[in-house]
Amino acid sequence: MKERPALNRILTSAFLALTIFMAIGPRPLRGQSQAPKEKDLVWPPPPEKARIRWVESIFFAEDFMGESGAQRLLRKLTGQGRRRLFVYPNDVTTDDRGRIFVSDTGGGRVVVLDTQRRKIDIWTGRNPRLVGPTGLAYARKVRRLFVSDSYGKRVLGFDDQGKVQLVISQKLDRPGGLAVDEQRERLYVVDVQGHHVDVFDLKGSWIRTIGERGDAPGQFNFPNYIALDRDGFLYVSDMGNFRVQVLTPDGQVVNAFGQPGRRPGDLMRPKGVAVDSEYHIYVVDAMFNNIQIFDVFGRVYLAVGEPGTGPGQFLLPAGLHIDDKDRVYVVDQRNMRLQILQYLASGEKAPAPSRVATPGG
């Protein structure tokens, strides 16, 4: 009778030790909470040659920072859930120091993911404070993150420490997508309700306006996102006209592609747009919940994604960004996460807009 309590203590200690040992295990790498087979998710699927590879999803802080088995066990024992990073994310961009910036319109903030330090920062601004952050663009030359504050009808410029150093408000009705031309030192601001694109220098001085409301070439109807290629050509997601317009750095039309419909190459609700190192044009469609990849002539190469909540699936995708290493960042709004893909460069470049002989085609 006296031996049973001692035996129970031994068995309990052994069970706890085994539980801790199993929980600690090898520390998972960032973004590896999904099954290994998901790492093999590519487009197009085999036996075709893969062009796009799924890398990871970032939903919780633990997805990004990593979590040891001991930390996970402690969190569960204390009843703490994983920490969500986003409320209603909108756009994404990167800098040259390994940081990923995500505008969180629902949270009134910019979430900064530092991949080198595995650290998360939150920028909200002060005097003024962000109200409804949407578009993002980073200017390396002046070390500044530009953020569209759509509800505040302004663009804020943050320094590398997250302090507001610049406010641009002139001529803006509802600023949306942003793009920076480092070579020409220009900031392009899409005015969604103004139906045009405003051009500023990097100090915030207005230069010109591109476009007006309409459906003719060079006109816009509720444009939302914008991107640049390495030559400074502009790609504007012209949502109300169901198309993307390609413009020279000074705003002259090179081409437009897209039309309403449900066939490959059609665009029903175009949003984020970006260009990889081989001039392929990526366009998010929030209606189809996918990304279509085009060339400057509007020829569609590939569709990536489908509706859903799993890896490579989307619910209301929005902002899109491609960095110097051809990593593709996609804001997955309704899933409240950021998905990262990788373009597998092949050396087969698409036609560059700068080499298109006849503008306006």
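Residues take their numbers from the sequence shown, with the count starting at 1.
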* **Transitive ILVMFWY side-chain link L166 to Y138, under 4.5 Å** => no
* **Results of ring pair (Phe, Tyr, Trp, His ring centres under 6.0 Å) for F158 - residues two or more places apart only** => W123
* State, to 0.1 Å, how close E62 and R83 come at their nearest heavy-atom pair, and which atoms those are. => OE1-N, 3.1 Å
* **Interatomic distance, D229 atom CG to L234 atom CG [nearest 0.5 angstrom]** => 8.5 Å
* Structure fact -> One should read off an interatomic distance between I58 CD1 and F64 CZ, to the nearest 0.5 angstrom, of 6.0 Å
* Can you tell me which residue pairs pass the side-chain hydrogen bond (donor to acceptor under 3.5 Å, both in side chains) test with a partner in residues 311-321, sequence neighbours excluded? => T94-H321, E306-Q313
* Taking only residues two or more places apart in sequence or in another chain, which ones pass side chain to side chain contact (heavy atoms under 4.5 Å, CB included) with P128? -> R154, L156, V164, V167
* Which of these passes side-chain contact (heavy atoms from CB on, under 4.5 Å) with I293: I281, V300, V304? -> V304
* To do: Under the salt bridge (charged side-chain N to carboxylate O under 4.0 Å, His left out) rule, collect the residues that match up with R174, sequence neighbours excluded.
  => none
* For the hydrophobic clusters of this structure (ILVMFWY residues joined by side-chain heavy atoms under 4.5 Å, transitively), does one cluster hold both L338 and V87? -> no
* Structure fact -> Hits for side chain to side chain contact (heavy atoms under 4.5 Å, CB included) against D114, two or more places apart or cross-chain, chain-then-number order -> R99, Q116, R117, K119
* Side-chain ion pair, D238 and R243, N-O less than 4.0 Å -> yes
* Is the closest basic N to carboxylate O distance between R51 and E278 below 4.0 Å? -> no
* Report, as yes or no, whether the 6.0 Å neighbourhood of atom CZ on R208 holds more than 12 heavy atoms from other residues, nucleotides or ligands. => yes
* Is a side-chain donor-acceptor pair under 3.5 Å present for S103 with T134? -> no
* OG1 of T209 to CG of D191: how many Å apart, nearest 0.5 Å? -> 8.5 Å
* Nearest-0.5 Å distance that lies between atom CG in N90 and atom OG in S148 -> 9.0 Å
* What pair of heavy atoms forms the shortest contact from I168 to G204, and how long is it? -> CD1-CA, 3.6 Å
* **For R144, salt bridge (charged side-chain N to carboxylate O under 4.0 Å, His left out) partners two or more places apart** => none
* **Nearest heavy atoms of V189 and L172, plus distance in Å** => CG1-CD2, 3.9 Å
* Give a yes or no on whether the backbone of Q219 and the side-chain of Q245 come within a donor-acceptor separation of less than 3.5 Å. => yes
* **Over all atoms of both residues, closest heavy-atom pair of P89 and V102** => CB-CG1, 3.9 Å
* To do: Name all residues meeting the salt bridge (charged side-chain N to carboxylate O under 4.0 Å, His left out) criterion together with D198; count only those two or more places apart in sequence or in a different chain, and write none if there are none.
  => none
* Are R327 and D323 ion-paired here, with the side-chain N under 4.0 Å from a carboxylate O? -> yes
* Asked: At what distance, to the nearest 0.5 angstrom, does CG of D91 lie from OH of Y329?
  -> 13.5 Å
* Residue among D104, D63, D332 satisfying salt bridge (charged side-chain N to carboxylate O under 4.0 Å, His left out) with R337 -> D332
* Structure fact -> Hits for side chain to side chain contact (heavy atoms under 4.5 Å, CB included) against D326, two or more places apart or cross-chain, chain-then-number order -> D276, S277, I322, Q342, Y343, A345
* Asked: Which residues, ordered by chain and number, are linked to F59 in its hydrophobic cluster, where ILVMFWY side chains connect at heavy-atom gaps below 4.5 Å, directly or through other members?
  -> F60, M336
* Counting distance only, does the side-chain N/O of T105 pair as donor-acceptor with the main-chain N or O of P133 below 3.5 Å? -> yes
* **Donor-acceptor contact present, side-chain Q252 to main-chain T248, <3.5 Å** => no
* Asked: Can you list the other members of the hydrophobic cluster that holds L316, where links are side-chain heavy atoms under 4.5 angstrom apart?
  -> Y88
* State, without any angle test, whether Y279 and D295 hold a side-chain donor-acceptor pair at a distance under 3.5 Å. => no
* Looking at R129 and D149, what are the two nearest heavy atoms and their distance? -> O-OD2, 3.8 Å
* To do: Could you pull out all residues at least two apart from R140 that satisfy side chain to side chain donor-acceptor pair (under 3.5 Å)?
  => D324
* To do: Mind checking side chain to side chain contact (heavy atoms under 4.5 Å, CB included) for S205 and listing every partner two or more places apart, or none if nothing turns up?
  => D201
* Is the shortest distance from a Lys or Arg side-chain nitrogen in D96 or R143 to a carboxylate oxygen in the other one below 4.0 Å? -> yes
* To do: Establish whether M268 and F314 are linked, either directly or via other cluster members, by ILVMFWY side-chain heavy-atom contacts under 4.5 Å.
  => no
* Asked: D266 and salt bridge (charged side-chain N to carboxylate O under 4.0 Å, His left out): which partner among R262, R263, R269?
  -> R263
* Linking I/L/V/M/F/W/Y whenever any side-chain heavy atoms sit under 4.5 Å apart, do V284 and M287 land together? -> no
* If you measure from CG on N241 to CD on Q259, what distance do you get to the nearest 0.5 Å? -> 12.0 Å
